[in-house]
Number of protein chains: 2
Amino acid sequence: MQIEFACTSCPLIVMARILKIFTSHTHSLGLIRLHYFKGEKHKYTLSVNKKMSPFLIYRGGKREERSPEGLIMTISMENKLGEGSMVARPISNIVFIIAMQTEALPLVNKFELTEDPNSLFPKNVPWVRYNGKYKDLNVNIVCPGKDAILGVDSVGTVSAALLTYASIQALKPDLIINAGTAGAFKAKGASIGDVYLASDVAFHDRRIPIPVFDLYGVGLRQACCTPNVIKALNLKVGKLSTGDSLDMCPLDEASIMKNDAVIKDMEGAAVAYVADLLKVSVIFLKAVTDIVDGDKPTAEEFLQNLAAVTAALDEAATKVVDFINGKCLSEL
Amino acid sequence: MQIEFACTSCPLIVMARILKIFTSHTHSLGLIRLHYFKGEKHKYTLSVNKKMSPFLIYRGGKREERSPEGLIMTISMENKLGEGSMVARPISNIVFIIAMQTEALPLVNKFELTEDPNSLFPKNVPWVRYNGKYKDLNVNIVCPGKDAILGVDSVGTVSAALLTYASIQALKPDLIINAGTAGAFKAKGASIGDVYLASDVAFHDRRIPIPVFDLYGVGLRQACCTPNVIKALNLKVGKLSTGDSLDMCPLDEASIMKNDAVIKDMEGAAVAYVADLLKVSVIFLKAVTDIVDGDKPTAEEFLQNLAAVTAALDEAATKVVDFINGKCLSEL
């Protein structure tokens, strides 16, 4: 069986989703083949083994069957809705989402941003916005800020998701950059101070062992394609896995391995979820503060390297912004 | 040392926080005593052992010291900001946050609500709102809706937090009711079909082993005090613990035990976080679909009991709404 379909934006995300859905149900990549015609951008053929059973979907506990054609149609439809996000005009408005103010402040100084006294956000929320003009860009750096009672940075997925949502609503950015520190695996070639651009992101601590809900829990999403940024700035590229714990329990580790991740953070996949929901392009810039598969305790290593690694992150972030200046999303 | 302070709203939440902060650092309840003068509502004296060391706060990796007085001041200040939330007028506008549409639809029918065709939410988001008048109340039921690609309900903390935030912004409710199904522990007296009103909520899968960040991760919050609801409707009361996994790994289990929880869900603590952030009162109504410390696999038991338990949940939710009708928050 051959199914032809077209994607009008971010085809790689769509393809990754199709692959992920099919392979998790067939447990074999051999059953499907994807043909990408380079000459005809965004046109694909999906070959599916004739014997493949219909795709099962669970809605509110009830089982529904859907053919692969139905699935592709749904994905194409959804993707068309997001068409507007790839408009071919230079990027003018960017929002950095940075979880810790320690990570954000050197960049705030570098871009000569000032704190917005008339917050765009509801009163009482601790969210902070720094804003200013840098070259041709309107640059915003937003942080979830300090917890009102405990005084620590509001890290993790819930705060990051809320801040991303509110920032998109208030600022309508062309591009979101989720920048921050991360853990990484030396077994996959990472070292302290490395700066990664994430190719795709997923959760590792949302285990829902019900068909299809399992995929929802993992929440795999691809970052905006940036081959030219990677080439020009010589950044490392790897998959990012997100969870709300700084440590890593055996089940988290197994999920991180399944996500094939090199880097591990506490916000990325939540930012990706919201950006995808509201059809805004997003990239992830993560600097390595601790080696997850090393000997040192994560918390100790993280605090020890935070200042130095933040400098490396800021340098890379500045280079990325310099590269972005004057370019369209499709040129990244 | 004795510190007098006043709380103008939700004093129990404030007290719980003080207790939690102090006890986690002193590891002894004996060091502090709280005196509540019933005649003078909202006036407290906190007795602290003279030898108690200053409270340590970590800001951006740097250690700061703060005396117990400083801490109480901060808590009182923060609490004053939320003063408006306990206005003594009848509740007129309520929002149910319900993660699964299967759980929501019987209630939608019961209250004769209709789906809002002009969504208050951004385009593309799958969030659904049902609205209508029931007795003297404006009743809203909001659901995070089906994932656009996968077609399953958008369960979990990230979706619940976003939906709570957007609903508060758009609907300005007097009260939020987070209703849904949950797992529970038979060792703590729970059975399938029981309906609980949560006394307080916390996360069990956000482990951040850095001082103070650990408390932020747990995110303990108390539900709106409802002694009269509990008495009138004869509901079970217990602590609720929230995590993004349907299963329970050993570290989650240890945290759930530490949270002293009877019930386990996938949204509560995230809803509580946002409600607290935006100073809206919230209660949690959770019906037991599966016994966490039983023999059956959670996913199987959950799907098997979903329909029957939803009926029990709806019955309890209706009774709660009937009780709320015409009353102020302080009468609940």
Chain A contact via [X] - side chain, backbone, both or neither, heavy atoms under 4.5 Å:
| X | result |
| --- | --- |
| B/Ile208 | both |
| B/Val274 | side chain |
| B/Gln169 | side chain |
| B/Thr164 | neither |
| B/Tyr216 | both |

Item to check | Best-contacting candidate, B/Gly156, B/Pro126, B/Ala160, B/Ala161, against chain A by heavy atom pairs under 4.5 angstrom | outcome: B/Ala161
Item to check | Partner chain A: residue of B/Pro122, B/Gly219, B/Ala270 with the largest heavy-atom pair count (under 4.5 Å) | outcome: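 Going by pairs under 4.5 Å, I would pick B/Pro122.
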Exercise: identify the closest heavy-atom pair between [X] and [Y]:
| X | Y | value |
| --- | --- | --- |
| A/Ala299 | B/Pro209 | CB-O, 3.7 Å |
| B/Leu277 | A/Asn124 | O-CB, 3.5 Å |
| B/Leu150 | A/Val212 | O-CG1, 3.5 Å |

Options [options], ranked by heavy-atom pairs under 4.5 Å with chain B, top entry:
| options | answer |
| --- | --- |
| A/Gly217, A/Cys249, A/Ser154 | A/Ser154 |
| A/Leu105, A/Asp247, A/Val158 | A/Asp247 |
| A/Val125, A/Asp252, A/Thr298, A/Val155 | A/Val155 |

Checklist entry - Heavy-atom count around B/Lys296 NZ within 6.0 Å, excluding the residue itself: above 12? => result no
Checklist entry - Thinking salt bridges, do B/Asp205 and A/Arg207 make one under a 4.0 Å N-O criterion? => result no
Checklist entry - How long is the gap from NE2 on B/His204 to CG on A/Asp244, to the nearest 0.5 Å? => result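 If I round to the nearest 0.5 Å, the distance is 11.0 Å.
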Checklist entry - How many angstroms lie between atom CG of A/Asp147 and atom CG of B/Leu215, to the nearest 0.5 angstrom? => result 9.5 Å
Checklist entry - Is any side-chain heavy atom of B/Leu246 less than 4.5 Å from a side-chain heavy atom of A/Phe213? => result no
Checklist entry - What class does the angle between the rings of B/Tyr165 and A/Tyr165 fall in, given that below 30° is parallel, 30 to 60° is tilted and above 60° is perpendicular? => result perpendicular
Checklist entry - Is it the side chain or the backbone of A/Leu162 that comes within 4.5 Å of chain B heavy atoms, both, or neither? => result both
